[in-house]
> 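Please read through the structure below; I'll follow up with questions.
In what follows, chains are A, B, ... by sequence order, proteins preceding strands, each numbered from 1.
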Protein chains: 2
Amino acid sequence: MTDTTTSTGRRTGLDRADMVATALALVESEGPGALTMRRLAAELDVTTNTVYWHVGSRDALITEIIRTSATRLADRAITGATPRERVTAAARHIWDSALENRAITSLAHQTGTTPLLEHHLELALVHEIEAAGLRGDAAALALRSILSTVGGFLVGALRDESSSPAELRPAALWSTTSGDISDETIEALSLPTDHEAVFTTTLDAVVAVHIPA
Amino acid sequence: MTDTTTSTGRRTGLDRADMVATALALVESEGPGALTMRRLAAELDVTTNTVYWHVGSRDALITEIIRTSATRLADRAITGATPRERVTAAARHIWDSALENRAITSLAHQTGTTPLLEHHLELALVHEIEAAGLRGDAAALALRSILSTVGGFLVGALRDESSSPAELRPAALWSTTSGDISDETIEALSLPTDHEAVFTTTLDAVVAVHIPA
DNA sequence: CGTCAGACTAGAACACCGTGCAAGTCCCGG
DNA sequence: CCGGGACTTGCACGGTGTTCTAGTCTGACG
């Protein structure tokens, strides 16, 4: 940031990269909802038009945020001896990095740019799938199956339950359920979900069906 | 709708149920994005304040829409001889009814009220899980695993790809991928996804790991 | 028959949002 | 010196959810 202030109090020296950087910081610190063109402009001590001049539109800004975020998502080392273990590890990397970057992940999810964000990690996953011997349609099927599984758990794990009224949260829904369900099951459903545990068993099952032992 | 028009041209006789009904119709015919307080008021030939008087807030309105929608989701007959088949059928009912009500489903998804919408169908699913012999934690684990799987595929299947710029759609991302991935796999990934097929194989795998044969 | 409370509606306004337009100001090369 | 592009500003438009005030209507009660 080599910005300066002119004699008339104007702020200058900012470029597109600065916009994206502070927007990214804003999302990370205060969540996707805080990313407003006016708010970003205020953060940069500039008017909204300056932001528009550099960035074009809100959609373009978000795409750029996701794109630069994607490069920050470090490629993680894949461990494991068997193909199944390695594929599982690659899938878990997606899960882990999404949880470590909740704000950007949900921003990408809201704008439908998730594949852009996770493309690197998906690439690593495909690589392991191919290393396990799958090609073409079979590899595509395995990838999409695993990705959807990961994605499904992410929407559950990333949802902020504290923002919705208590009486219509899943736990509350189940605890008021009467009918032909055993009490112990209802009690188990009234407890908070251990996303990690459920994810692990499900992922293992999905990987096992695609990747030969 | 027993609404009347007074001498001064006012419209009256509407109640909360009418608001919810036309809001529901609006969402179904023009999508979640069309549900605006002003738009709904115009549809009812009334000012927004009238809507607010009856309904309270937008969130309350949406919750009510989902709630009445939930009662409309008919309980479907569960077929299948084995426990696995019946559990799979119950899970597929959730998938089917979500696809048949795309607009309301994505509205519920955006507002985090999906469990409210699908609670009836989830109940049927739990019933089959218990019928298969699971109780307590094991039943809860199976339910949540299956529900997340279904949910993951729904976000993929319900996403409207035509609304996002072509160059950052998954297919485009993969077709420009260079690296250590075989050509036939890249080609398979560049083709549109057969959600139905991927869902079926994944669901089978997840059900099989929880429900004993 | 009068009137009075409550149910219901209208109009205007507030504070936001994304975005576009016209008018500047700055700085660097000719 | 000065002209033109890079850059910034102020203002405006139409849209959103929501709230306030001021009504008008309707039915019950005295």
Side-chain angles (χ1 to χ4, degrees), chain A residues 1-23 26-27 30-66 107 110-113 163-165, chain B residues 1-23 26-27 30-66 107 110-113 163-165:
Chain A
M1 295 233 207
T2 62
D3 60 305
T4 56
T5 308
T6 68
S7 52
T8 55
R10 287 176 53 197
R11 177 118 184 256
T12 138
L14 302 173
D15 62 354
R16 186 184 174 100
D18 293 323
M19 308 275 152
V20 176
T22 70
L26 186 56
V27 170
E30 303 191 32
L35 181 57
T36 294
M37 302 304 269
R38 285 174 171 81
R39 176 70 198 277
L40 174 60
E43 214 76 18
L44 289 160
D45 196 23
V46 152
T47 45
T48 59
N49 319 277
T50 301
V51 178
Y52 272 93
W53 195 92
H54 282 292
V55 163
S57 76
R58 185 172 193 266
D59 283 347
L61 172 65
I62 292 181
T63 302
E64 201 73 5
I65 292 175
I66 303 299
L107 177 65
Q110 289 170 15
T111 55
T113 49
S163 66
S164 65
Chain B
M1 295 233 207
T2 62
D3 62 305
T4 56
T5 308
T6 69
S7 52
T8 55
R10 287 176 51 197
R11 176 119 184 253
T12 154
L14 301 173
D15 63 353
R16 187 183 173 100
D18 293 323
M19 308 274 152
V20 175
T22 69
L26 186 56
V27 170
E30 303 191 32
L35 181 57
T36 293
M37 301 306 267
R38 285 176 172 79
R39 176 70 197 279
L40 174 59
E43 213 77 17
L44 289 160
D45 197 22
V46 151
T47 49
T48 60
N49 321 275
T50 301
V51 177
Y52 273 92
W53 196 94
H54 282 291
V55 155
S57 75
R58 185 171 192 266
D59 282 347
L61 172 65
I62 292 181
T63 303
E64 201 73 6
I65 293 175
I66 303 298
L107 178 65
Q110 289 169 13
T111 55
T113 49
S163 66
S164 65

> Side chain of B:Thr47: nearest nucleotide among C:dA10, D:dT18, C:dC8?
C:dA10

> Check every atom of C:dG20, C:dA10, D:dG17 against the side chain of B:Thr50 and return the nucleotide holding the closest atom.
C:dA10

> Provide the closest heavy-atom pair for A:Ser57 versus A:Met37 in the form atom of the first, atom of the second, distance.
C-CE, 4.2 Å

> Taking five pairs at each end, how big is the angle between the two axes of the helix from C:dC1-D:dG30 to C:dG30-D:dC1, to 10°?
30°

> What verdict does the side chain to side chain contact (heavy atoms under 4.5 Å, CB included) test give for A:Thr50 and A:Met19, after you've listed the backbone C-alpha separation in whole Å, the side-chain angles of each residue and the deciding distance to 0.1 Å?
CA-CA 10 Å; A:Thr50 301; A:Met19 308 275 152; 4.2 Å; yes

> How long is the line joining CE of B:Met19 and C1' of C:dT9, in whole Å?
10 Å

> Quick check: on DNA chain C, is the nucleotide nearest A:Gly56 upstream (toward 5') of the one nearest A:Arg39, or the reverse? Name the residue that is more 5'.
A:Arg39

> Quickly work out the A:Leu35 CG to C:dC16 P distance and round it to whole Å.
17 Å

> Which nucleotide in the set C:dT19, C:dG20, C:dA7 lies at the smallest distance from any side-chain heavy atom of A:Arg58?
C:dT19

> Side chain of B:His54: nearest nucleotide among C:dA10, C:dC8, D:dG17?
C:dC8

> Measure from OH on B:Tyr52 to P on C:dG11 and round the result to the nearest Å.
17 Å

> Could you tell me whether a side-chain N or O of B:Arg58 sits under 3.5 Å from a main-chain N or O of B:Tyr52, the two making a donor and an acceptor?
no

> May I ask you to decide if B:His54's main-chain N or O and B:Arg16's side chain share a donor-acceptor pair within less than 3.5 Å?
yes

> Identify which nucleotide among D:dG17, C:dT19, C:dT9 has an atom closest to any side-chain atom of A:Arg38, counting heavy atoms from C-beta outward.
C:dT19

> Provide, to the nearest angstrom, the distance between the CD1 atom belonging to A:Ile62 and the C1' atom belonging to C:dG18.
11 Å

> Of the listed nucleotides (C:dA10, D:dC7, D:dT19), which one gets closest to any side-chain atom of A:Trp53?
D:dC7

> For residues A:Ala23 and A:Leu61, report the shortest heavy-atom separation together with the two atoms involved.
CB-CD1, 4.1 Å

> Please report, rounded to the nearest Å, how far the P atom of C:dC16 is from the CE atom of B:Met37.
20 Å

> What is the distance, to the nearest angstrom, from the CG atom on A:Asn49 to the C1' atom on D:dT8?
8 Å

> Rounded to the nearest angstrom, tell me the gap between atom CG in B:Leu44 and atom P in C:dC8.
15 Å

> Output all residues satisfying side chain to side chain donor-acceptor pair (under 3.5 Å) with A:Thr111, sequence neighbours left out; order by chain, then residue number.
A:Thr113

> Taking atom P of C:dG18 as reference, at what distance in whole Å does atom CD of A:Gln110 sit?
13 Å

> Under 4.0 Å between a side-chain N/O of B:Thr48 and OP1 or OP2 of D:dT18, yes or no?
no

> According to a strict under-4.0 Å criterion, is B:Thr36 in side-chain N/O contact with OP1 or OP2 of D:dT16?
yes

> Under the side chain to side chain contact (heavy atoms under 4.5 Å, CB included) test, which residues partner B:Arg38, sequence neighbours left out?
B:Thr36, B:Thr48

